[in-house]
Amino acid sequence: MKREHIDILIIGAGPAGAVAAGLLRKQGRQVLILEKETFPRFSIGESLLPQSMAYIEEAGMLQAVVEAGFQFKNGASFARGERYTEFDFRDKFSAGWGTTYQVQRARFDHVLAKEAERLGTEVRYRHEVLAVDLAGEQPVVTVRDPAGETYEVSSAFLLDASGFGRTLPRLLDLEYPSNFPVRGAIFTHVKDNMPLGGEFDRQKIRISVHPEFCDVWYWTIPFSDGRCSQGVVAHTDFLARYTGTDTERLQQLVSEEPGLARLLANAEWDTPARHITGYSANVKSLWGKGYALLGNAGEFLDPVFSSGVTIAFKSASLAAACLERQFKGETVDWDADYARPLKAGVDTFRVFVESWYAGGFQQVIFHENASPEVRRMIASILAGYAWDTSNPYVADAKRRLGVLEALCAQ
């Protein structure tokens with residue numbers, strides 16, 4: 001069987017893989033990406049966080065993203081019944097970007113992948129990794145090309161950026177169940193026909209909470225072309241109460257949230273809805289001999305705060321920094337230099353996600369007499385700055401949030 005050798009092999013051309021490739025090309029590394037799909041291809045996770053922009057800039061891809069014409073985003077709004085609040089990410093505690101974009105992921109991911117190619121990465125579409133061998137000095141993967149022929153690639157290091165495909169976790173038996181309850185999402189894109197200048201701020205994602213059930217929530221993500229991504233998240237047994245097509249089920253659920261139903265009263269439901277179930281996932285380790293897991297290939301929490309792409313970019317940045325040192329001959333402790341720093345931010349997000357579903361963080365968000373300084377600290381986390389330990393709600397997230405919840409409950 002034919003075998004090639006490459007400096008860095010990346011599985012998956014999504015955001016984590018493309019940004020990692022850009023960073024590694026800046027180091028002068030030879031990079032190959034194997035992607036089993038053809039781009040552009042549909043994906044959700046469409047509302048970026050401002051923290052993401054620093055990594056796009058670091059990878060040399062900022063101009064292409066800015067010029068792509070995506071919907072400008074400066075914050076997030078939250079609604080439940082008559083209660084409404086919003087956070088402007090430019091008014092935040094942490095230094096750094098306060099704005100970003102809301103993106104059709106098919107186009108956004110393709111922009112990044114093309115940028116990786118412009119920077120010198122070879123991207124092979126419709127090439128699927130079938131097996132991986134870690135027994136030798138370097139990782140070796142077996143690949144099937146579009147014609148059905150197989151070949152091997154050896155590399156000095158292997159990065160798995162395969163997202164929900166979770167290639168290495170499957171092949172190496174690294175998966176174990178998330179401790180989050182099994183939830184599902186139903187979602188689609190609609191032509192929303194919402195009037196410009198109306199009650200909906202297209203520069204913010206809207207998170208709506210079901211009027212009866214605090215753990216059922218909806219996302220509304222506006223795009224720059226008059227369309228929006230609309231979805232709902234709930235326990236799978238709750239979603240099972242609704243019958244019909246996925247589109248009909250989603251429409252029924254939207255009709256139960258009066259504010260959202262009003263916003264979408266004139267929407268054209270022109271794209272069949274789809275669903276995913278049990279998306280939260282975890283792994284035994286984020287790295288091993290000759291490889292590391294990036295983004296969703298390693299761990300995915302929950303879509304509520306749109307943290308997925310930010311975590312993916314952070315993992316790419318950390319891994320690229322480790323590899324730069326490793327290629328210089330330095331000893332890299334992948335646990336101390338990659339896994340633990342990455343998980344620190346993920347665990348911060350986890351505290352807020354768990355509190356959201358329990359209802360406590362919702363009380364904080366909707367509290368009418370919130371301290372402006374505390375709101376700026378919360379805004380920083382909602383903007384993706386979950387690694388900024390100068391923020392007390394990052395450095396001591398669980399205790400601080402618990403105290404805040406108790407104060408807001410009085």
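Side chains included, hydrogens not; waters and symmetry mates left out as well; all remaining heavy atoms used.
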Without placing hydrogens or testing angles, list every side-chain donor-acceptor pair under 3.5 Å for residues 5-19, not counting sequence neighbours.
unit_1: His5; atom_1: ND1; unit_2: Gln138; atom_2: OE1; d: 3.4
unit_1: His5; atom_1: ND1; unit_2: Ser154; atom_2: O; d: 3.3
unit_1: His5; atom_1: ND1; unit_2: Ser154; atom_2: OG; d: 2.9
unit_1: Asp7; atom_1: OD2; unit_2: Gln30; atom_2: N; d: 2.9

Should Leu250 and Thr188 count as side-chain neighbours, where that means a heavy-atom distance under 4.5 Å? yes

Taking the side chain as everything from C-beta on, heavy atoms only, tell me whether Thr236 gets closer than 4.5 Å to Arg183. no

Rounded to the nearest 0.5 Å, what separation is found between the CG atom of Asn296 and the CG atom of Leu293? 11.5 Å

Between Asp145 and His127, is there a side-chain donor-acceptor contact under 3.5 Å, judged purely by atom types and distance? no

Ser208 side chain near Arg80 side chain, heavy-atom distance below 4.5 Å: no

When rounded to the nearest 0.5 Å, the distance separating CG of Leu318 from CG of Leu286 is 10.5 Å

Between CG of Leu172 and NZ of Lys284, what distance do you get to the nearest 0.5 Å? 10.0 Å

Taking atom types as modelled, is there a side-chain donor on Glu86 or Tyr84 under 3.5 Å from an acceptor on the other? yes

Which is it for Arg124 and Glu4 under the salt bridge (charged side-chain N to carboxylate O under 4.0 Å, His left out) test, yes or no, and what are the steps along the way? CA-CA 14 Å; Arg124 296 179 189 169; Glu4 308 170 37; 2.7 Å; yes

Main-chain N/O of Glu330 paired with Lys328 side-chain donor or acceptor, under 3.5 Å: no

Is the Phe42 ring parallel, tilted or perpendicular to the Phe187 ring (thresholds 30°, 60°)? parallel

Can you tell me if Ser224 uses its side chain to pair, donor with acceptor, with the backbone of Gly69 under 3.5 Å? yes

Between Arg166 and Glu175, does at least one N-O distance fall below 4.0 Å, as a salt bridge requires? yes

Heavy-atom nearest pair, Ala156 first then Pro139, reads O-CD, 4.3 Å

Using a 3.5 Å distance criterion without hydrogens, assess whether the side chain of Gln252 forms a donor-acceptor pair with backbone atoms of Thr243. yes

So how far is it from Phe223 CZ to Ser47 OG, rounded to the nearest 0.5 Å? 9.0 Å

Lys/Arg-Asp/Glu bridge criterion (N-O < 4.0 Å) met for Glu115, Arg118: yes

Contact summary for Trp97 and Lys92, nearest pair of heavy atoms: O-CE, 3.2 Å

Would Arg376 and Phe87 count as a cation-pi pair here, with the cationic atom under 6.0 angstrom from the ring centre and within 45° of the axis? no

Is it the case that atom NZ in Lys36 sees more than 12 heavy atoms from other parts of the structure closer than 6.0 Å? no

Scanning both residues in full, the closest heavy-atom pair of Ile186 with Ala273 reads CG2-CB, 4.3 Å

Phe305 ring center near Trp356 ring center (under 6.0 Å): yes

Given Arg202 and Asp192, is the salt bridge (charged side-chain N to carboxylate O under 4.0 Å, His left out) satisfied, shown in steps? CA-CA 11 Å; Arg202 299 193 76 88; Asp192 55 72; 3.0 Å; yes

Contact between Lys73 and Ile205 at the side-chain level, heavy atoms closer than 4.5 Å - yes or no? yes

Given the rule in the salt bridge (charged side-chain N to carboxylate O under 4.0 Å, His left out) test, do Asp201 and Arg206 qualify, once you have shown the distances and angles that lead to the verdict? CA-CA 8 Å; Asp201 184 351; Arg206 178 186 171 106; over 6 Å; no

Search all heavy atoms of Ala20 against all heavy atoms of Leu294 and return the closest pair with its distance. CB-CD1, 3.9 Å

Between Val216 and Ala234, the two heavy atoms sitting closest are CG2-CB, 3.8 Å

Salt bridge Asp91-Arg375, side-chain N to carboxylate O under 4.0 Å: no

Are Val394 and Ile381 close enough that some pair of their side-chain heavy atoms sits under 4.5 Å apart? yes

For residues Asn282 and Tyr176, is any side-chain donor paired with an opposing acceptor at under 3.5 Å? yes

Could you check Thr310 against Gln51 for side chain to side chain donor-acceptor pair (under 3.5 Å), going step by step and ending with a plain yes or no? CA-CA 7 Å; Thr310 298; Gln51 170 75 92; over 6 Å; no

Side-chain donor-acceptor pair under 3.5 Å between Tyr242 and Glu256, yes or no? yes

For the residue pair Arg83 and Phe366, would you count it as a cation-pi contact if the rule is NZ or CZ under 6.0 angstrom from the ring centre and within 45 degrees of the ring axis? yes

In the structure I gave you, are the side-chain heavy atoms of Val123 and Tyr125 within less than 4.5 Å of one another anywhere? yes

Ring center gap for Phe238 and Phe213 short of 6.0 angstrom: yes

Does the side chain of Trp217 reach to within under 4.5 Å of the side chain of Pro303, using non-hydrogen atoms? yes

Rounded to the nearest 0.5 Å, what separates atom CH2 in Trp219 from atom CD1 in Ile207? 9.0 Å

Exactly one of Arg400, Lys398, Arg399 should register a side-chain hydrogen bond (donor to acceptor under 3.5 Å, both in side chains) with Asp396. Which one does? Arg399

Flag the pair Arg227 and Asp270 as a salt bridge only when some basic side-chain nitrogen lies within less than 4.0 angstrom of an acidic carboxylate oxygen. yes

Between Trp334 and Phe157, does the ring centre distance come in under 6.0 Å? yes

Glu117 and Lys114: salt bridge (charged side-chain N to carboxylate O under 4.0 Å, His left out), yes or no, with the steps? CA-CA 5 Å; Glu117 289 183 287; Lys114 287 188 290 186; over 6 Å; no

Cut-off 3.5 Å, side chains only: do Arg41 and Ser43 have a donor facing an acceptor? no

Checking the side chain of Ser77 only, and the main-chain atoms of Lys204 only, is there a donor and an acceptor separated by less than 3.5 Å? no

When rounded to the nearest 0.5 angstrom, what distance separates CH2 in Trp269 from OG1 in Thr245? 10.5 Å

Exactly one of Arg105, His189, Gln102 should register a side-chain contact (heavy atoms from CB on, under 4.5 Å) with Ser229. Which one does? His189

Between Arg90 and Gly98, is there a donor-acceptor pair closer than 3.5 Å when you use the side chain of the first and the backbone of the second? no

Salt-bridge test for Glu128 and Arg126: reply yes if a basic N is under 4.0 Å from a carboxylate O, no otherwise. no

According to the interplanar angle, ranging from 0 to 90°, do the rings of His210 and Tyr218 count as parallel (below 30°), tilted (30 to 60°) or perpendicular (above 60°)? parallel

Phe361 side chain near Val351 side chain, heavy-atom distance below 4.5 Å: no

Main-chain N/O of Arg29 paired with Gln27 side-chain donor or acceptor, under 3.5 Å: no

Got a sec: does the CD of Glu373 have more than 12 other heavy atoms crowding it under 6.0 Å? yes

Test side chain to side chain donor-acceptor pair (under 3.5 Å) applied to Asp333 and Tyr338, step by step: CA-CA 8 Å; Asp333 182 336; Tyr338 175 71; over 6 Å; no

Heavy atoms of other groups near Lys343 NZ, more than 12 under 6.0 Å: yes

